[in-house]
*Asks:* 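Here it is, the structure, as structure tokens.
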Amino acid sequence: MDDGLLADPRPVQPQQPAPSTETLPAWQIASLRKGLDDLGLITMEERQSLVVELAGRPVASLRDLTVAEARVITEELAARKGPAQTSGSAWDNRDADTWIDRL
């Protein structure tokens, strides 16, 4: 069998991923802001400090983040918030009275 047709005599150069120039969509920025609000971060300094920490680089604005960075930060914000704490059962936490409550 002749490998000449299948083999590539040129050395393979590893390709670096192209830097993302994609801007964040408005819904993703809103999601980041909601995540920061849910953690109780109110001041701009608190918010920026956490975003810089999670991004691992200086960030002047949420719009400076890449789509991939924003996704990771959104997931981390949700993880830090943790699951919603509820007490009691679904029956105890219902919103409206039922016929049995009116007896």
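The residues of the chain are indexed from 1 along the displayed sequence.
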*Asks:* Considering residues at least two apart in sequence or located in another chain, which fulfil the side-chain contact (heavy atoms from CB on, under 4.5 Å) criterion with Glu75?
*Replies:*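 If we apply the side-chain contact (heavy atoms from CB on, under 4.5 Å) test to Glu75, skipping adjacent residues, the hits are Arg71.
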
*Asks:* Name all residues meeting the salt bridge (Lys or Arg N to Asp or Glu O under 4.0 Å) criterion together with Glu76; count only those two or more places apart in sequence or in a different chain, and write none if there are none.
*Replies:*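 By the salt bridge (Lys or Arg N to Asp or Glu O under 4.0 Å) rule, Glu76 matches Arg80.
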
*Asks:* Please tell me if the side chains of Leu77 and Asp38 come closer than 4.5 Å, counting only heavy atoms from C-beta onward.
*Replies:*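 The answer is no; the side chains never approach within 4.5 Å.
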
*Asks:* For the residue pair Gly40 and Glu46, what are the closest heavy atoms and their distance?
*Replies:*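 Looking at all heavy atoms of both residues, the closest pair is O-OE1, 4.4 Å.
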
*Asks:* Does one hydrophobic cluster hold both Val72 and Leu39, with members joined at side-chain heavy-atom distances below 4.5 Å?
*Replies:*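 No, it is not one cluster - the side chains of Val72 and Leu39 are not joined through contacts under 4.5 Å.
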
*Asks:* I'd like to check Thr23 versus Val67 (side-chain heavy atoms, cut-off strictly below 4.5 Å). Are they in contact?
*Replies:*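 Side-chain contact under 4.5 Å: no.
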
*Asks:* Show which side-chain atoms of residues 57-65 pair as donor or acceptor with protein atoms under 3.5 Å away, not counting sequence neighbours.
*Replies:*
from  : atom 1 : to    : atom 2 : distance (Å)
Arg57 : NE     : Glu69 : OE1    : 3.4
Arg57 : NE     : Glu69 : OE2    : 2.8
Arg57 : NH2    : Asp64 : O      : 2.8
Arg57 : NH2    : Glu69 : OE1    : 2.8
Ser61 : OG     : Arg63 : N      : 3.2
Asp64 : OD2    : Ala60 : N      : 3.4
Asp64 : OD2    : Ser61 : N      : 3.2

*Asks:* Side-chain contact, heavy-atom cut-off 4.5 Å: Leu36 with Val51?
*Replies:*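 They are in side-chain contact.
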
*Asks:* Sequence neighbours excluded, which residues qualify as side-chain contact (heavy atoms from CB on, under 4.5 Å) partners of Thr74?
*Replies:*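 Thr74 satisfies side-chain contact (heavy atoms from CB on, under 4.5 Å) with Ser31, Leu32 once adjacent residues are dropped.
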
